[in-house]
Amino acid sequence: MVLVRGLLGDVLRRKRLRQGRTLREVSADARVSLGYLSEVERGQKEASSELLAAICMALEVPLSTIFAEVSEDLAREEALVLAHPAIEPEVVASAA
């Protein structure tokens with residue numbers, strides 16, 4: 001099963017890393033605890049809409065851009081799962 005929170009965390013992490021910023025910098029700018037932001041990026045916590053908005057403001061990226069990338073990643077994951085129905089989605093995703 002593909003978890004949206006995991007895909008969302010991956011997109012947020014990619015944005016942050018492309019900017020060359022640390023978790024500490026973004027967490028301070030977003031006024032979110034470092035540990036919580038880390039858990040969101042690792043897909044371990046569901047982020048509220050308020051938290052996502054704060055993170056996006058800190059990254060200077062529209063929330064709609066984040067959701068669009070998550071949607072693209074989700075479509076790709078679903079296509080892999082549909083192409084290989086006998087294989088667990090986690091196995092397919094790790095092979096991609």
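Positions are given from 1 along the sequence. Predicted model, so just to flag it, every value in this text is computed and none were measured. Atom set for the values below is all heavy atoms of this structure, side chains included, hydrogens, waters and symmetry mates excluded.
Leu74 places none of its side-chain heavy atoms less than 4.5 Å from the side chain of Ser71. Here the side chains of Phe67 and Val11 are not in contact, with every heavy-atom distance at 4.5 Å or above.
No donor-acceptor pair under 3.5 Å is formed between the side chain of Glu69 and the backbone N or O of Ile66. One N or O on the side chain of Arg5 and one on the backbone of Gly43 form a donor-acceptor pair closer than 3.5 Å.
Across all their heavy atoms, Arg21 and Leu59 have their closest contact at NH1-CA, 3.9 Å. Smallest separation of non-hydrogen atoms from Leu23 and Arg16: N-NH1, 3.5 Å.
Grouping the Ile, Leu, Val, Met, Phe, Trp and Tyr side chains by contacts below 4.5 angstrom, directly or via other members, places Val40 apart from Leu17.
Other residues, nucleotides and ligands contribute more than 12 heavy atoms inside 6.0 Å of the CZ atom of Arg42. Summarising the local packing, CZ of Arg14 is surrounded by more than 12 heavy atoms from other residues, nucleotides or ligands at distances under 6.0 Å.
Taking CD of Glu77 as the start and CG of Leu3 as the end, the distance is 10.0 Å to the nearest 0.5 Å. For the atom pair CE of Met57 and CG of Leu52, the computed distance is 13.0 Å after rounding to the nearest 0.5 Å. A distance of 11.5 Å separates CG of Leu7 from CD of Glu72, quoted to the nearest 0.5 Å. With values rounded to the nearest 0.5 angstrom, Lys45 atom NZ is found 13.0 Å from Leu37 atom CG.
With sequence neighbours left out, the side chain to side chain contact (heavy atoms under 4.5 Å, CB included) criterion links Ala30 to Val32, Ala54, Ile55, Ala58.
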